[in-house]
Amino acid sequence: MSDYNHREIERKWQQFWEEQQTNRVVEDISKPKYYVLDMFPYPSGAGLHVGHPLGYIASDIYSRYKRLKGFNVLHPMGFDSFGLPAEQYAIQTGQHPALTTEQNIARYIEQLKNLGFSYDWSREVRTSDPSYYKWTQWIFGELFNSWYNNKTDQAETIETLTQEFGHRGNARVNAPCDENTPTFTAAEWKAMSADEQYAMTLKYRLTYVADATVNWCAGLGSVLSNDEVKDGVSERGGFPVEQKLMRQWMMRITAYAQRLLDGLDTIDWTESLKEQQRNWIGRSVGAMVKFAVDGYPGHNIEVFTTRVDTIYGVTFMVLAPEHELVSQITTEDQKSEIQDYIQSTKKRSELDRVADVKSVSGAFTGAYALNPFNDQKVPIYIADYVLAGYGTGAVMAVPSGDQRDWNFATHFGLPIVPILDGQKNMETEADATKEGKYINSGIIDGLTFAEATPVLIQWMEERNIGKGKINYRLRDAVFGRQRYWGEPVPVYYKNDENGQPLPYLISEADLPLELPSVGKYLPTETGEPPLGRAEGWKYQEKSGDSRSGGSRYDYELSTMPGWAGSSWYWYRYMDAHNADEFASPEAIAYWRDVDLYVGGTEHATGHLLYSRFWNKFLKDRGYVPEEEPFKKLINQGMIQGRSSFVYRVKGDDYSKPVFVSAGLRDQYEVSGLHVDVNIVENDVLDIEKFKATRPDIAGENAEFILEDGKYICGVEVEKMSKSKFNVVNPDDIVERYGADTLRLYEMFLGPLEQAKPWNTNGIDGTFRFIRKFWRLFYNDAGQWLVKDEVPTKDELKVLHKTIKKVQEDIESFS
RNA sequence: GUCGGGGUGGUGGAAUUGGUAGACACGCAGGACUUAAAAUCCUGUGAGCCGCAACGCUCGUACGGGUUCGAUUCCCGUCCCCGGUACCA
């Protein structure tokens, strides 16, 4: 009797696909294109677990379906292979990260091939490969050579900026730039030296160097981006993170804030993901208002407010403790109080400040500000509820309309002035209503909210004391990392005539700038990044760069952040082996954008935002055709681990540990321990295997208290991870049931978008289904039963009903 | 707090636009085959009622209302769960 033999079948076809290059795809203008992309994985040492393939299976099904529908389908796979774990491993063992990475990738590829995915492996990319990161460095260079013109609302080359400087100076240039950029005329521009002109352009570029408050993680010896920090500690490693002012490469993503927001309305993503990006960008419409400081002519406090209409309700001002004006305006008798407060704020970690929302604290500077609308004197305080990093780091406080201001006013005995006749309960809390007519409000008395705001803004603009303004929460991205295993920033430094180093781009002909070898992967003894250990890591003239002139120049020592390589990779798949361009214009014109992108929701404010940013930039510069890179996006839910626990009775003798079965644990005082799920079947522990993994309890040394003759493990659903011993590897399942069963089963587990625990309870049913299916086409002797006869009417009916059903089910998924 | 998504048998979950609720599968129970087991196949399986059985009846998609000939689906309110975010002026 013959039966379904998954090993033989799958081996045969995987070999056939390999030999025939079945999944290879070439550009073909006679067919419509369709691009199905998976978020490429970081190749970790643990290999693939059963959670990884979920999205890959779905996208593979869809790719095959689209091919059968006559589309030319691009469905590639690659590796996001720069990353911290390989570097950490290198620090511990001295093994080069490239080697570890290579081994891990080989394992991933083997596992992915075993699962029978229809990837075109000829297009595979690896972000850590010099032939790939050459183009990551090149894009960095293009950003460096560009500025953002607000008038045309797009990025342009630096040449258009210097031309404008030569014609009319910078007074009419409307562009995001360094806030300390002086205004100059065309004549002044022409009078500058070449170095001075160059230094001036550095203030406008889309990548630039600035002193920035960064998340410094001493444990990792590196700067982290906001999305790499969770609850005040590093996401990887869990080391404490502190705020520190450092000179850093920055990327001007804020120039694109509005377009990143607008683009969301044109793409087919889930509402929750779009909301996450909207919140992250954090647009708020309001006004900037200048308050003069009484007795300090020329010193203004500029505030941002979304409620200018409440301006007559201002009874005090609050500055962030870090605000630069604080030291200048504090009066003699308030000095010690202010100093103490600043000290106590510094001591409180970011975590405490955020966690403690309720208590009110602050200190009076002794100075007063003048309300520009009625010249009323209001006291200036400092308090840590005002954040230095948002808006201007100063607020006008309106206790009648804002709860935090109300709390502060009540605590310090400051007046609370109602400004709308619709406001209630002023004694117990603030009322943020916009209903009613204004009272106590000078020029807007008797008006409604809708009427008042334009009147106020016009009044301020006429007198140059304020203007309408849109503010974003989004900050420019810190682009430098003090690490080894990343793309070197392709920049060298040369001193100007005053001996100040200026950054210059390494010419395209000298790319890629390859990672040098270093003896150790740690920062140097003098605190430089690991690249500072590289011998001869100095710029040599290679291709006649006019500025390098033969002498020695220093390379930039920082490397790029993890998201650099993944912010454009979908283009590289279009033309993966091109040595002259990141992808040929022909390939890009054919494949254009990703039609369906499948991946996890954890990249909402990282990868998915940076990728949209770089894509818009590349579009501005004419390299790519579409404003948005990912038309449709589906987030597959996480497959969680199902951890198993054994319970050890507390206080027992260490030489003879006692473990009690889950059902009886209430009768003892126990502590739960994770136990490897691979030695547990249907929650029953294999005691012999358990003993074998734990030398301390081998032989007769441990006692097990059983129920019904078995040791039952406790169960908890947690994230799948090595440290929780709940990782299920797909290889064992493929070996036992075959890739088809695993794929079908994962699709059967529940809705794709939903998180769900891994659980093999139902896998036998799926396996039975496939075997039944196989037997529809083979008899007991293993003979192929399908005949080349004209089908009957009934058979055709079944066939077409099936086709319709399959089509509808698959289309509804996308 | 706030934004987003959800709540359907013992379990995972179906139900396309408001039209037979519970597809398919797991589990469970019974049966066939077998010396026995595995595998395979067949039958039953939301709760309750009447009954030997068939036929049939009532209730039922978190809870309370509403719209409708008809509601898991639409509207209002309440409770609970999951995810994001957190002094953003």
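Here is the naming used below: chain letters follow the sequence lines, and residue numbers restart at 1 for every chain. These numbers come from a predicted model, not from an experiment.
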Pairwise [atom1] distance, [M] and [N] [rounded to whole Å]:
{"N": "rG65(B)", "M": "rG84(B)", "atom1": "C1'", "value": "32 Å"}
{"N": "rG10(B)", "M": "rG51(B)", "atom1": "P", "value": "25 Å"}
{"N": "rU45(B)", "M": "rA39(B)", "atom1": "C1'", "value": "23 Å"}
{"N": "rG6(B)", "M": "rC59(B)", "atom1": "C1'", "value": "26 Å"}
{"N": "rG77(B)", "M": "rA25(B)", "atom1": "C1'", "value": "38 Å"}
{"N": "rG1(B)", "M": "rG70(B)", "atom1": "C1'", "value": "41 Å"}
{"N": "rU16(B)", "M": "rU73(B)", "atom1": "C1'", "value": "12 Å"}
{"N": "rA54(B)", "M": "rA38(B)", "atom1": "P", "value": "30 Å"}

Going by atom types only, do [X] and [Y] share a side-chain donor-acceptor pair under 3.5 Å?
{"X": "T254(A)", "Y": "D476(A)", "answer": "yes"}
{"X": "Y4(A)", "Y": "T741(A)", "answer": "no"}
{"X": "Y56(A)", "Y": "Q636(A)", "answer": "no"}
{"X": "Y438(A)", "Y": "D309(A)", "answer": "yes"}
{"X": "D764(A)", "Y": "Y737(A)", "answer": "yes"}

[X] side chain, from C-beta outward: closest of [options]:
{"X": "L387(A)", "options": "rG13(B), rC41(B), rA89(B)", "answer": "rA89(B)"}
{"X": "Y385(A)", "options": "rA89(B), rC87(B), rG4(B)", "answer": "rC87(B)"}
{"X": "Y390(A)", "options": "rG13(B), rC87(B), rA89(B)", "answer": "rA89(B)"}
{"X": "D384(A)", "options": "rC87(B), rC26(B), rA89(B)", "answer": "rC87(B)"}
{"X": "V395(A)", "options": "rA89(B), rG13(B), rG84(B)", "answer": "rA89(B)"}
{"X": "Q754(A)", "options": "rA25(B), rC88(B), rG13(B)", "answer": "rG13(B)"}
{"X": "R473(A)", "options": "rG4(B), rG27(B), rA86(B)", "answer": "rA86(B)"}
{"X": "Q276(A)", "options": "rA89(B), rG84(B), rC87(B)", "answer": "rG84(B)"}

Check every strand shown and say whether [X] touches a base, only sugar-phosphate, or nothing at a heavy-atom separation below 4.0 Å.
{"X": "K772(A)", "value": "sugar-phosphate"}
{"X": "R278(A)", "value": "nothing"}
{"X": "G765(A)", "value": "sugar-phosphate"}

Mind calculating the distance between [atom1] ([X]) and [atom2] ([N]) to the nearest angstrom?
{"X": "F748(A)", "N": "rU11(B)", "atom1": "CZ", "atom2": "C1'", "result": "12 Å"}
{"X": "L742(A)", "N": "rA25(B)", "atom1": "CG", "atom2": "P", "result": "19 Å"}
{"X": "K756(A)", "N": "rC82(B)", "atom1": "NZ", "atom2": "C1'", "result": "14 Å"}
{"X": "R307(A)", "N": "rA89(B)", "atom1": "CZ", "atom2": "C1'", "result": "11 Å"}
{"X": "F408(A)", "N": "rA89(B)", "atom1": "CZ", "atom2": "C1'", "result": "14 Å"}
{"X": "L749(A)", "N": "rA14(B)", "atom1": "CG", "atom2": "C1'", "result": "15 Å"}
{"X": "D809(A)", "N": "rA23(B)", "atom1": "CG", "atom2": "C1'", "result": "11 Å"}
{"X": "L474(A)", "N": "rU85(B)", "atom1": "CG", "atom2": "C1'", "result": "15 Å"}

Basic-acidic side-chain contact under 4.0 Å: [X], [Y]:
{"X": "D740(A)", "Y": "R771(A)", "value": "no"}
{"X": "R307(A)", "Y": "D402(A)", "value": "no"}
{"X": "K756(A)", "Y": "E746(A)", "value": "no"}

| Check: F630(A) main-chain N/O paired with W269(A) side-chain donor or acceptor under 3.5 Å | yes
| remark: Of L273(A) and G393(A), the one whose closest nucleotide on RNA chain B sits nearer the 5' end is L273(A)
| task | By nearest nucleotide on RNA chain B, pick out whichever of R404(A) and E275(A) is the more 5' one. | result | E275(A)
| note | Stems for RNA chain B (at least 3 consecutive Watson-Crick or G-U pairs, under 3.5 Å) come to B:1-7 with B:79-85, B:10-12 with B:24-26, B:27-32 with B:40-45, B:46-49 with B:56-59, B:62-66 with B:74-78
| field | Partner of Y256(A) under ring-ring contact (aromatic ring centres under 6.0 Å, His included), chosen from F613(A), Y610(A), Y472(A) | value | F613(A)
| query | Using the glycosidic torsion, which applies to rG46(B): syn (within 90° of 0) or anti (everything else)? | reply | anti
| message | rG83(B), OP1 or OP2 - any side-chain N/O from T601(A) closer than 4.0 Å? | response | no
